[in-house]
Amino acid sequence: MIFLRAFIIGGLICVVGQLLIDFTKMTPARILVLFVCLGVLIGAFGWYDKLVDFAGAGATIPLTGFGNSLANGVKEAIRKDGFLGVITGGLTACAGGVTVAVLSGLIVSLIAKPKDK
């Protein structure tokens, strides 16, 4: 059942992104930033954690989940380190994911052969 909930919630998040692409003049980059910011905002209020409990990976994998991770990292770092946590919390919480993304991009750039269009 968890797989079905993850598929439905993750799919609905993707549908919202596709509708924004199809029916607005927003660029994909702005939509990505919007999703991360929405994840931060919803995570700051504590609502996103309830969605993660319900949908699992369907809520943590999309960009809104990245925003939620940033918000949770900042909240935890503020409790532990005070005001300095505003700067360090998000970076600490998402360091693993960002590192994997950067290293994957580097490996693909070394393997792939770009072609002019």
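The analysis underlying the following values was restricted to heavy atoms, covering all of them including side chains, and did not include hydrogens, waters or symmetry mates. Quick note: residue numbers are just sequence positions, from 1.
Taking the side chain as every heavy atom from C-beta outward, Ile78 and Lys75 never approach each other to under 4.5 Å. The shortest distance between side-chain heavy atoms of Asn68 and Val40 does not fall below 4.5 Å. Counting only heavy atoms from C-beta outward, the side chains of Cys94 and Phe66 approach each other to under 4.5 Å. Residues Thr92 and Glu76 fail the side-chain proximity criterion, which asks for heavy atoms closer than 4.5 Å. Here the side chains of Ile9 and Leu51 are in contact, with some heavy-atom distance below 4.5 Å.
Closest heavy-atom contact between Gly89 and Ala77: CA-CB, 3.4 Å. Looking at every heavy atom in both residues, Ala93 comes nearest to Gly73 through CB-CA, 3.5 Å. Looking at every heavy atom in both residues, Ile2 comes nearest to Gly56 through CD1-N, 4.3 Å.
Test Ile21, Val36, Leu63 against Ile31 for side-chain contact (heavy atoms from CB on, under 4.5 Å) and you get one pass: Ile21. The one candidate from Asn72, Thr64, Thr60 that meets the side-chain hydrogen bond (donor to acceptor under 3.5 Å, both in side chains) condition with Tyr48 is Thr64.
The hydrophobic clustering, which links ILVMFWY residues whose side-chain heavy atoms are closer than 4.5 Å, places Leu34 and Val15 apart. In terms of hydrophobic clustering, with Ile, Leu, Val, Met, Phe, Trp and Tyr side chains grouped at heavy-atom distances under 4.5 Å, Leu41 and Val86 are assigned to different clusters. Both Met1 and Leu12 are assigned to one and the same hydrophobic cluster, defined by single-linkage of ILVMFWY side chains at heavy-atom distances under 4.5 Å. Cluster annotation: Leu32 is connected to Leu70 through the hydrophobic network of ILVMFWY side chains, with a link wherever side-chain heavy atoms come within less than 4.5 Å. Hydrophobic clustering places Phe35 together with Phe45 (ILVMFWY residues linked when any side-chain heavy atoms are closer than 4.5 Å, directly or through intermediates).
For the residue pair Gln18/Asp22, the side-chain donor-acceptor check at 3.5 Å is satisfied.
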Inset, instruction - Assess whether side-chain contact (heavy atoms from CB on, under 4.5 Å) is satisfied between Ile8 and Arg5, documenting all intermediate values. - result: CA-CA 5 Å; Ile8 290 172; Arg5 288 189 297 214; 5.9 Å; no
Legend entry - Phe54 vs Asp49, side-chain contact (heavy atoms from CB on, under 4.5 Å): CA-CA, chis, key distance, verdict: CA-CA 9 Å; Phe54 176 74; Asp49 291 332; over 6 Å; no
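Residue Ile61 holds its CD1 atom at 11.0 Å from SG of Cys14, rounded to the nearest 0.5 Å. Atoms CG and CD1, on Asp81 and Ile87 in that order, are 11.0 Å from each other to the nearest 0.5 Å.
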